Structure formats: C-alpha cells, structure tokens
Amino acid sequence: MATEYANYINGEWVESATGASFAVTNPASVDEIVSYHPASTKADVEDAVDASVAAQDEWAHTPGPSRGSVLRETGELLAARKGEATETLVREEGKTRSEAAGEVQRAIDIFHYYAEKCRDLGGTVKPASASEMDLYTKREPLGTVALITPWNYPIAIPAWKLAPALAAGNTVVLKPASEAPNASRILLECLDEAGLPKGVANLVTGSGSEVGAPLTESDDIDGLSFTGSTGVGTAVAQTAAEDLTRVQCEMGGKNPTIVMPSADIEQAAELVGAGAFGTTGQSCTATSRAIVHESVYDEFVDAITGYAESLEVGPGLEDPDVGPHVSDSELASTLEYVTIGQDEGATLETGGIRLTGNDYERGNYVPPTVFVDVKNDMRIAQEEIFGPVLAVIEARDFEDAISTANDVDFGLAASIVTQNLSEANRFVDEIDAGVAKVNDKTTGLELHVPFGGYKGSSTNTYREQGDAGLDFFSSIKTVYKSY
Ligand code: NAD
C-alpha cells in the first residue's frame, strides 16, 4: 500500500480539511501508485497563509547567518538522503536515474549557495550630497510569498525558489505540481529537521484551481513566484497584479539551435540531440528547433537521425538515455503534435509513435522524434510540444537563421554551433532570448547566474537564481541618516 502523505502547515504534518487525497502514479508503469497526497482546498491555503504571516516578523529579524545555518543544514540533510530523493524523482516524474541524481545534487548545491549568501545579503553605500550624512541601501524581505512550481524539475525548481526566499527573510507557502509533489515534501522534511521555525515554510498540495488560484488571489501574499506554462502563468500574473502583488512568472520555450557551415556536424548533432531528447524533451530549455544552413542540411539530418535512433528508451530506474513522459496527457499531447506535423506537410524522419510491448506496455513512451522539411510557420515550429520532438528547419544564410530563430512568441534559451567568431558575436547580440549559448546545447544552467526568458517565456520582471534570485524576494530600502 502506497504511503499517504500530509500537508506541512505551521510546523505540523496535517491532512487536508476535507480529508480528500489524490494519487501519484509512476510514469514508467502507470498501474503503480507511488503515494497519496492531500487534495487541498482554499481552507488549507488560508491556514498555511495565516501560519506564514504569523511567523514572518520573527524570521525577518533572525540574523542572516542564523538563517544561513538552517539552509546549510537543509543541504546537508538532503545530501544524506540523496539516494532516496533520486529514486523518488525517478518514480514520480519518470526521468532517468542519472538525470534525477543531477537534479537532486543541484538542489543540494542551491541550499549551500544561498546559505552562504545569508552572510552577504548586500546593500550599497554611496557618498551623500550633504556632509554628516550616511546614504545607503538595505535589503528587507517582501513578507509572505507564494511559490507555485511545475512537475518537470520537481526538486530543483522548488529549491531555487525556497532557498532565496528564506535567505532573504520571507516566509513561504509552496504549492508543487500534483504530478510530482514528493520532491517538495522531502525538501520540507529536511527544512523541518534542520530546525526551521514553525510557520516559516508551508507545503500545500492539490490542484491548480483549488490551491494555486486561492494562493494567487490571497490579499496576504506579498510576492508570487510561478514556474509553469505560458497559459497558466499569464493568468496568474494578471490576477496577482490586480492588487499590485510582486509577481514573477517563468514559462514555456521554443528553443532554437542554429547550425552553421563551419560547425563540426557530428558535434552539432550531439548538442542538438542532447538538448532535444534529454529529460524526454520535458525541459523549458529543451531544443525544439534546429535551424540549419542549407549547405550542411542533408548532412545534419543524417547525423541527428542517427543520434536519435541510437538512444535507448526505457524505465528511468534502469538509467536509459530517455525515460517516459510524466503522464498520459503529456504523452497524448506529444502524439497529437506528431499528427499535426504530418498534416502540415512536415516529414517524420524517425520516431513519432507510442512504444508498446514488454517494458513499454504500461509506460508513457515515445522515442526521440525528428521532423524535417519543417517551415517555421507550422504549429510544430511555433508551439511548445514538451516531448522529445525536434523540428529541423533549413536556413539560406545567417540572417535567415537568426530571423527564423526569433520568429516565435517565446524567448527562453537559444544556441549556435559555429567556428566563425563574427557569427557567434552577432548571435549573442541579435538573439531574442534570456539565455544565449555558443557551441553548447540549449539545456543546462549554472545556479549562480541569472535565469529567465524574453517575450512569452517570462514576465521578465526579475530573474531567478544567483544574486538575481534574492532581488525578487527583497525590497530595497534607501536610508538617509543625518548625524
Ligand atoms: P502548468 O502551468 O500546467 O502548472 C504549473 C503549476 O501551476 C502547477 O503547480 C499547477 O498545479 C499550477 N496551476 C495550474 N493552474 C493554476 C491556476 N489557475 N492558478 C494557479 N496555479 C495553477 O505547467 P506544468 O505542466 O506543471 O509544467 C510545464 C511547463 O512549465 C512548460 O510550459 C515548461 O516550459 C514550463 N517550465 C518553465 C521553466 C522556466 O524556468 N521558464 C522551467 C520549467 C518548466
């Protein structure tokens, strides 16, 4: 019998007000129930927000280094549970063991990074125009913040919101995605064991409409950090902005890699393939368009098709190259886009089917899929698919490639493969994306530099991660002190 878990409110593990729960299933074997969690409602959100508001003043006045000690200990406790957390991610989200281990390590590193930041929250000192006056800034917490997270990085994203929010002195209500809430539950267990005072961080599980919406509408929330789809994020941003709540939404992508004639085509195919098919294509930064110069187009198509077909697909626990889709609805969405691409006249070069039989029968598997002869105005080149599907588009020259790359509603991550310095520099200057990479894949991020998107990928108000992660969760007070 799968374990029934609880919400974490005011330092206690409590069931939802209604007692209702929902099941999390294993994407590699959909008959296996991983765990049950509270199907919470507005009443539970209000309890969590009340607890968070009550704990705010004391946490805000806890010295930064003491807050840092709790974060450091949380990182240590998570490190001690790395094996368990890794296996949990694989079983609830479907990613491969290696991908999950990397993500758990990322969460550990994030807690350690912001633990040190607690000694270095910063502020600036400037010379005042008057004599005998101090002029400086100080960072203060926003207050009580809501964090709403997606399923695709179920431990890294909650970590990269929780750690800076707590470091800056805020109290928190976290609502994780219902597909993969256990990773957040483990984080809250570690925070609790590390001695976080009651009410400072709270976890409420449940649906977007029953938990996410009341959090977004709450008058007691001073900041809201959301990661998820552009559709939901746009509505969340509009609602939160009605009462001037500070809001940050990081959303979808349609990320291109440009391949120019000077590239080593085998290397380019490996970079594009790793970006497109790693994490089953379920990354906001996944490569979904390869925009390839016409002189190397055929060679690239051969190379990327060979790469795609070389990848092993299977249950994440066996650590293949590519795991299953997180849910049957995500699987159905990918297969629908395969049909859309074929109807639009693109050529399906490889993949594009549901895998069945043996290990695959009860899982949500689609192999790496490559469409060629894609035009950039096709839906498969414009809409986020969120599966292991790559559209290969031909470009006449560099200008054509850049204008194709920019001709989408998203602007999250982009890369170019070239040995030409001028092309590399122009790409960095001209690409409309929050992350620009040269001779690299679109996926993969450092935790100590800002991350966020342009256009429909982000509200583009604040960045996440690094120092920028603290900026969202802080107010800046300017002090004029005459003596
Ligand atoms: P989603 O938008 O469906 O859900 C995200 C979260 O919002 C979940 O917790 C969900 O329950 C909640 N939610 C749903 N309806 C809500 C409502 N009405 N009010 C408040 N909250 C609500 O996204 P998903 O399917 O979980 O995640 C995949 C998406 O996330 C993709 O579009 C991906 O590109 C994006 N993503 C973006 C980034 C980034 O940093 N830019 C990172 C990871 C994922």
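Atoms considered below: every heavy atom in the structure, side chains included; atoms not considered: hydrogens, waters and symmetry mates. All ligand and atom numbering here is 1-based and tracks the order in the structure. FYI, the numbering just counts along the sequence from 1. If you're wondering where the values come from, they're calculated on a predicted model, not measured in any experiment.
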**Message:** What I want to check is whether the side chains of Ser16 and Ser40 have a donor and an acceptor closer together than 3.5 Å.
**Reply:**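 No, no side-chain donor-acceptor pair sits under 3.5 Å.
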**Request:** Could you verify whether a donor N or O on one side chain and an acceptor N or O on the other, from Ser288 and Glu384, lie under 3.5 Å apart?
**Result:** no
**Request:** May I ask you to decide if Gly143's main-chain N or O and Asn170's side chain share a donor-acceptor pair within less than 3.5 Å?
**Result:** yes
**Prompt:** Has Lys437 got its NZ or CZ under 6.0 Å from the middle of the six-membered ring of Phe427, at an angle within 45 degrees of the ring axis?
**Reply:**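 Cation-pi check for Lys437 and Phe427: fails.
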**Parallel, tilted or perpendicular: ring planes of Tyr5 versus His37, cut at 30 and 60 degrees** = parallel
**Asked** For Asp343, does the CG atom sit with more than 12 other heavy atoms under 6.0 Å from it, leaving out its own atoms?
**Response** yes
Note every protein N or O atom lying under 3.5 Å from an N or O atom of ligand 1, pairing the names and giving the distance.
{"residue": "ligand 1", "atom": "2 (O)", "partner": "Ser229", "partner atom": "N", "Å": "2.8"}
{"residue": "ligand 1", "atom": "2 (O)", "partner": "Ser229", "partner atom": "OG", "Å": "2.6"}
{"residue": "ligand 1", "atom": "9 (O)", "partner": "Thr149", "partner atom": "O", "Å": "2.8"}
{"residue": "ligand 1", "atom": "9 (O)", "partner": "Lys175", "partner atom": "NZ", "Å": "3.3"}
{"residue": "ligand 1", "atom": "11 (O)", "partner": "Lys175", "partner atom": "NZ", "Å": "3.0"}
{"residue": "ligand 1", "atom": "23 (O)", "partner": "Ser229", "partner atom": "N", "Å": "3.4"}
{"residue": "ligand 1", "atom": "25 (O)", "partner": "Trp151", "partner atom": "NE1", "Å": "2.9"}
{"residue": "ligand 1", "atom": "26 (O)", "partner": "Trp151", "partner atom": "NE1", "Å": "3.4"}
{"residue": "ligand 1", "atom": "30 (O)", "partner": "Gly228", "partner atom": "O", "Å": "3.3"}
{"residue": "ligand 1", "atom": "32 (O)", "partner": "Glu384", "partner atom": "OE1", "Å": "2.6"}
{"residue": "ligand 1", "atom": "34 (O)", "partner": "Glu384", "partner atom": "OE2", "Å": "2.6"}
{"residue": "ligand 1", "atom": "41 (N)", "partner": "Met251", "partner atom": "N", "Å": "3.3"}
{"residue": "ligand 1", "atom": "41 (N)", "partner": "Met251", "partner atom": "O", "Å": "2.8"}

